[in-house]
Amino acid sequence: MRVATWNINSLKARLDRVLAWIETAGADVVCLQELKCATADVPVDAFAAAGYETAAWGSGRWNGVAILSRVGLADVRQGITGQPQFADAAEARAITATCGPVRVQSLYIPNGRDTADPHFPYKLAFLKALAADAAADATGDLPFAAMGDFNICPTDDDIWDVAEWTGTTHITADERDALAAVQAAGLEDVFPRALKYDRPFTFWDYRNLDFPKNRGLRIDLALANPAFKDAVTDAYVDRNERKGKGASDHAPLVVDLDL
DNA sequence: ATGGCATAGCGACTATGA
């Protein structure tokens with residue numbers, strides 16, 4: 001089966017591309033992030049017509065996560081245990097579901113904005129809660145993966161030029177330590193193939209010709225438990241989906257499983 | 001030191017993203 005995660009940067013603006021991609025890619029399960037619409041505005045009928053059930057948590061203009069599945073959808077859980085709030089609100093950043101033989105979590109980790117911004121400790125707190133939340137699924141027999149936009153480059157190789165990002169979020173030791181704690185719960189980074197160049201970036205800023213110049217980041221990850229990891233036969237970033245007018249600034253991360 | 005580009009929202013601009 002084929003599982004994918006993709007930050008689509010607005011479901012409304014990207015619907016045609018999402019429908020086209022899930023069909024041509026033949027994805028069985030798709031984790032989406034940054035819906036940027038309310039739960040009630042998620043086009044579940046369009047996904048149903050394409051053969052997919054939908055679990056979604058949207059909250060309007062920002063954030064929003066979903067899971068599409070054509071292999072069943074059960075045991076849906078919104079948010080994570082102990083999820084911190086920001087500005088007194090629980091943001092739509094996590095949804096988990098069992099899809100046939102696998103359990104997947106669609107995650108949109110807070111950006112952090114700036115290391116001096118309140119959003120930064122919020123990001124770290126979210127990751128700390130995630131590490132505790134993931135422990136049960138990570139050690140279970142059911143194949144499980146926490147997938148999504150982690151907004152962290154795990155290593156200096158996961159960014160086009162780390163020197164250009166000195167002092168910014170996404171590459172700090174605090175963030176990498178928080179990510180390592182999530183992995184220490186029993187989840188391993190499923191490292192994808194690059195379809196072009198040497199590194200499998202998943203995000204390129206719209207500005208500055210960053211995509212043509214391959215100034216990218218690898219921030220979209222699939223963290224898998226042993227049962228999931230053992231079933232992986234291939235993983236790659238579909239950078240072709242980043243091309244052309246109307247693309248998201250993220251490309252889908254695709255994982256194939258012998259399940 | 002800042003913006004670039006893209007998105008949504010009652011909008012003629014701002015906030016957010018990474």
Side-chain angles (χ1 to χ4, degrees), chain A residues 5-18 21 31-43 56-66 85-94 106-124 126-127 147-176 178-179 199-221 237 239 241-253:
Chain A
T5 181
W6 187 14
N7 179 322
I8 52 173
N9 185 22
S10 167
L11 180 51
K12 185 182 176 194
R14 215 72 58 210
L15 182 59
D16 289 347
R17 275 186 92 126
V18 171
W21 185 81
C31 297
L32 300 174
Q33 299 87 36
E34 282 211 82
L35 306 183
K36 291 186 170 178
C37 70
T39 305
D41 293 329
V42 174
W57 182 20
S59 57
R61 186 175 179 185
W62 307 114
N63 314 314
V65 286
Q85 299 193 334
F86 191 72
D88 297 324
E91 297 184 319
R93 294 184 177 276
S106 181
L107 285 168
Y108 180 47
I109 303 298
N111 174 289
R113 298 178 185 167
D114 186 284
T115 55
D117 192 288
H119 214 256
F120 190 72
Y122 169 55
K123 180 180 194 173
L124 299 178
F126 195 103
L127 289 160
M147 314 176 70
D149 179 359
F150 281 75
N151 271 318
I152 299 171
C153 303
T155 74
D156 287 353
D157 285 335
D158 296 312
I159 183 165
W160 61 279
D161 184 354
V162 72
E164 287 281 334
W165 283 62
T166 302
T168 72
T169 59
H170 292 63
I171 59 169
T172 68
D174 283 346
E175 289 161 281
R176 287 173 175 171
L179 178 63
R199 291 178 288 176
F201 297 142
T202 65
F203 166 87
W204 299 260
D205 199 297
Y206 286 123
R207 295 166 286 192
N208 259 343
L209 298 174
D210 275 6
F211 181 63
K213 292 179 178 175
N214 200 34
R215 296 178 174 179
L217 282 65
R218 187 176 77 94
I219 53 177
D220 298 271
L221 310 174
V237 177
R239 71 186 303 283
E241 184 52 43
R242 179 63 179 77
K243 297 178 179 175
K245 195 168 179 61
S248 170
D249 41 4
H250 295 250
L253 167 62

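Being a predicted model, the structure only gives us computed values, none of them experimental. First the proteins, then the strands, lettered A, B, ... as listed; each starts at 1.
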- Message: Quick check on contacts: within residues 153-173 of chain A, what sits under 4.0 Å from DNA chain B by heavy-atom distance?
- Response: A:His170

- Task: Would you check if there is a donor-acceptor pair between the side chains of A:Glu91 and A:Ser59 at a distance under 3.5 Å?
- Result: no

- Message: For the P atoms, the ones on B:dG11 and on B:dA6, what distance do you get once it is rounded to whole angstrom?
- Response: 23 Å

- Task: Determine whether the side chains of A:Trp204 and A:Asn214 contain a donor N or O and an acceptor N or O closer than 3.5 Å.
- Result: yes

- Message: Using a heavy-atom cut-off of 4.0 Å across all strands, would you classify A:Asp249 as base, sugar-phosphate, or nothing?
- Response: nothing

- Message: Taking side-chain hydrogen bond (donor to acceptor under 3.5 Å, both in side chains) as the definition, give me every residue that meets it alongside A:Ser248, ordered by chain and number, with sequence neighbours left out.
- Response: none

- Message: So A:Asn63, base contact, sugar-phosphate only, or nothing? Heavy-atom distance under 4.0 Å.
- Response: nothing

- For A:Tyr108 and B:dT16, is the shortest distance between a side-chain N/O and OP1 or OP2 below 4.0 Å? no

- Task: Please state how far atom CZ in A:Phe211 lies from atom P in B:dA6, giving the value in whole angstrom units.
- Result: 14 Å

- Assert: residue with more 5' nearest nucleotide on DNA chain B, out of A:Asn151 and A:Cys37, is A:Cys37

- Can you find a side chain N or O atom of A:Arg113 that sits less than 4.0 Å from OP1 or OP2 on B:dG17? yes

- Message: Distance check needed: B:dA15 C1' versus A:Glu34 CD, whole Å only.
- Response: 13 Å

- Task: Supply the atom-to-atom distance A:Ser10 OG to A:Trp62 CH2, rounded to the nearest 0.5 angstrom.
- Result: 11.0 Å

- Can you check the A:Asp114 CG to B:dA18 C1' distance for me, whole Å? 12 Å

- Grab the CZ-P distance between A:Arg242 and B:dA6 for me, whole Å please. 9 Å

- Message: Please enumerate all residues that pass salt bridge (charged side-chain N to carboxylate O under 4.0 Å, His left out) together with A:Arg176, with sequence neighbours excluded.
- Response: A:Asp156

- Query: Any idea which of B:dA18, B:dT7, B:dA15 is nearest the A:Leu217 side chain?
  - Reply: B:dA18

- Message: Determine whether A:Gln33 and A:Ser106 satisfy the following criterion, side-chain hydrogen bond (donor to acceptor under 3.5 Å, both in side chains), listing intermediate values before the conclusion.
- Response: CA-CA 7 Å; A:Gln33 299 87 36; A:Ser106 181; 3.0 Å; yes

- Rounded distance (Å) that lies between atom P of B:dC5 and atom NZ of A:Lys245: 12 Å

- Message: According to side-chain hydrogen bond (donor to acceptor under 3.5 Å, both in side chains), who are the partners of A:Arg61, at least two apart in sequence or on a separate chain?
- Response: none

- Sequence neighbours left out, what passes ring pair (Phe, Tyr, Trp, His ring centres under 6.0 Å) with A:Phe126? Give chain and number order. none

- For residues 107-118 of chain A, pull every pair meeting side chain to side chain donor-acceptor pair (under 3.5 Å), keeping only residues two or more places apart or in separate chains. A:Glu34-A:Tyr108

- Query: Can a side chain N or O of A:His250 be found less than 4.0 Å away from OP1 or OP2 on B:dG17?
  - Reply: no

- Item | Interatomic distance, A:Ile152 CD1 vs B:dG17 P [rounded to whole Å] | 15 Å

- Message: Between B:dT7 and B:dT2, how many Å separate the two P atoms, rounded to a whole number?
- Response: 26 Å

- What residues form a salt bridge (charged side-chain N to carboxylate O under 4.0 Å, His left out) with A:Arg17, not counting sequence neighbours? A:Glu241

- Message: Using a 4.0 Å cut-off on heavy atoms, which residues in residues 201-210 of chain A reach DNA chain B? List them by number, or say none.
- Response: A:Phe203, A:Tyr206, A:Arg207, A:Asn208

- Of the residues in residues 9-17 of chain A, which ones touch DNA chain B at a heavy-atom distance under 4.0 Å? A:Asn9, A:Ser10, A:Lys12, A:Ala13, A:Arg14

- Rounded distance in Å - CG (A:Asn7) to P (B:dA6): 16 Å

- Query: Considering only the C1' atoms, how many Å lie between B:dC5 and B:dC10, rounded to the nearest integer?
  - Reply: 23 Å

- Task: For A:Asn151, enumerate each residue passing the side-chain hydrogen bond (donor to acceptor under 3.5 Å, both in side chains) test, keeping only those at least two apart in sequence or located in another chain.
- Result: A:His170

- With sequence neighbours left out, which residue pairs that include part of residues 158-168 of chain A fulfil the salt bridge (charged side-chain N to carboxylate O under 4.0 Å, His left out) condition? A:Asp158-A:Arg218

- Note on the structure: Hits for side-chain hydrogen bond (donor to acceptor under 3.5 Å, both in side chains) against A:Trp57, two or more places apart or cross-chain, chain-then-number order -> none

- Task: Starting from C1' on B:dC5, measure out to CZ on A:Arg215 and report it in whole angstrom.
- Result: 15 Å

- Expressed as a whole number of Å, how far does the P atom of B:dA1 sit from that of B:dT14? 22 Å

